[in-house]
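First up is the structure itself, then whatever we jot down about it.
This one's a predicted model, so the numbers in the text were calculated from it and none came from an experiment.
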Amino acid sequence: MTKDINLYKALKKSKVKKEKNPTGVLLAIFPILIVMIMGGMSYWLYVKNQELSSEIDKINEYLNNPEISKKHEEVVEIKDRQSELNDKESALIKFRNNYNSYPFFNSELFEKIEGCMKDDIVIHDISYSSNVGGAYMVLQVSTTDIKAASTFTQDLSATQLFEEVYYDGWSQIRENEYTFKVTCLLKAGVHE
């Protein structure tokens with residue numbers, strides 16, 4: 001005896017279910033995942049925007065505060081005044097340095113020169129000239145002692161008022177009367 005088996009009916013009765021397709025699930029999850037990421041980023045950007053907006057409001061409130069504006073104006077005035085004083089100070093320092101670089105003619109200078117005049121030395125003329133090399137004082141001197149020219153020159157050098165002191169030799173104008181010229185390069189800024 002043979003019995004016919006209908007497999008189709010048997011399959012229907014066994015209630016075997018089909019497996020689901022994993023690619024379809026992934027295709028459905030992917031857009032949801034993207035939407036969630038975009039939503040998270042949007043929320044984060046919104047929070048940051050609110051923080052920045054709050055900081056901007058605080059800054060605007062600070063800048064528009066009348067007391068702060070008044071203090072800012074005072075600070076600007078003080079800085080301007082300080083800059084002006086710094087400019088004046090630098091000008092004064094420059095002036096003082098320039099002033100100290102020039103030689104000084106004062107009574108003490110001439111008293112020291114007079115202290116070097118021994119024997120019968122007589123200064124007939126004092127002239128002054130200045131150029132890039134410095135300030136020169138030229139003394140026209142006469143004496144009756146022929147050795148007085150070198151002694152006078154050495155004594156002037158010993159005063160430390162001059163960078164250089166030299167004479168150009170003597171000449172006899174009469175018997176026992178000699179003249180010579182002493183040139184002195186003055187030191188810069190000598191205070192005695």
List, one per line, each side-chain donor-acceptor pair under 3.5 Å for residues 169-178, sequence neighbours excluded.
| unit_1 | atom_1 | unit_2 | atom_2 | d |
| --- | --- | --- | --- | --- |
| Ser171 | OG | Thr179 | OG1 | 3.0 |
| Gln172 | NE2 | Arg174 | O | 3.3 |
| Arg174 | NH1 | Glu177 | OE1 | 2.7 |

For residues 39-47, which side-chain donor-acceptor pairs fall under 3.5 Å, sequence neighbours excluded?
| unit_1 | atom_1 | unit_2 | atom_2 | d |
| --- | --- | --- | --- | --- |
| Ser42 | OG | Met38 | O | 2.8 |

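Between Phe152 and Ile113, the shortest heavy-atom contact is CE1-O, 4.1 Å. The shortest heavy-atom contact between Ser69 and Leu63 is OG-O, 3.4 Å. The heavy-atom pair separating Asp155 from Lys118 by the smallest distance is OD2-NZ, 3.0 Å. When all heavy atoms are compared, the tightest approach of Phe180 to Ala149 is CZ-CA, 3.4 Å. The nearest pair of heavy atoms linking Leu186 to Glu163 is O-CG, 4.1 Å. In this structure, Cys184 and Leu156 approach most closely via the heavy-atom pair SG-CD1, 4.1 Å.
When hydrophobic clusters are built by joining Ile, Leu, Val, Met, Phe, Trp and Tyr residues whose side-chain heavy atoms come closer than 4.5 Å, directly or via intermediates, Ile29 is not grouped with Met36. In the hydrophobic clustering of ILVMFWY residues, with side-chain heavy atoms under 4.5 Å counting as a link, Met117 and Val138 come out apart. Residue Phe162 is grouped with residue Phe110 when hydrophobic side chains (ILVMFWY) are merged at heavy-atom distances under 4.5 angstrom, including chains of intermediate members. Side-chain heavy atoms closer than 4.5 Å link hydrophobic residues (I, L, V, M, F, W, Y) into clusters, and following such links, even through other members, never connects Val122 to Val141.
Listed by first and then second residue, the salt bridge (Lys or Arg N to Asp or Glu O under 4.0 Å) pairs involving residues 33-51 are Lys48-Glu51 (not counting sequence neighbours). Residue pairs meeting the salt bridge (Lys or Arg N to Asp or Glu O under 4.0 Å) criterion with at least one member in residues 134-144, sequence neighbours excluded, do not occur. Identified under the salt bridge (Lys or Arg N to Asp or Glu O under 4.0 Å) test for residues 28-41, with sequence neighbours left out: none. Every pair passing salt bridge (Lys or Arg N to Asp or Glu O under 4.0 Å) that includes a residue from residues 67-87 is listed here, sequence neighbours excluded: Arg81-Glu84, Glu84-Lys88.
Atom OH of Tyr167 is separated from atom NZ of Lys181 by 14.0 Å, given to the nearest 0.5 angstrom. Taken from CG in Leu161 to CE in Met137, the straight-line distance is 8.0 Å, to the nearest 0.5 Å. Taken to the nearest 0.5 Å, the CD atom of Gln82 stands 10.5 Å off from the CD atom of Glu89. With rounding to the nearest 0.5 Å, the separation of CG in Leu85 from OG in Ser90 is 11.0 Å. Taken to the nearest 0.5 Å, the CD1 atom of Ile123 stands 5.0 Å off from the CG atom of Leu139. Summarising the geometry, atom NZ belonging to Lys187 is positioned 11.5 Å from atom CD belonging to Glu164; distances are rounded to the nearest 0.5 Å.
Looking at Ser53, its side chain never comes within 3.5 Å of a backbone N or O of Asn49 through a donor-acceptor pair.
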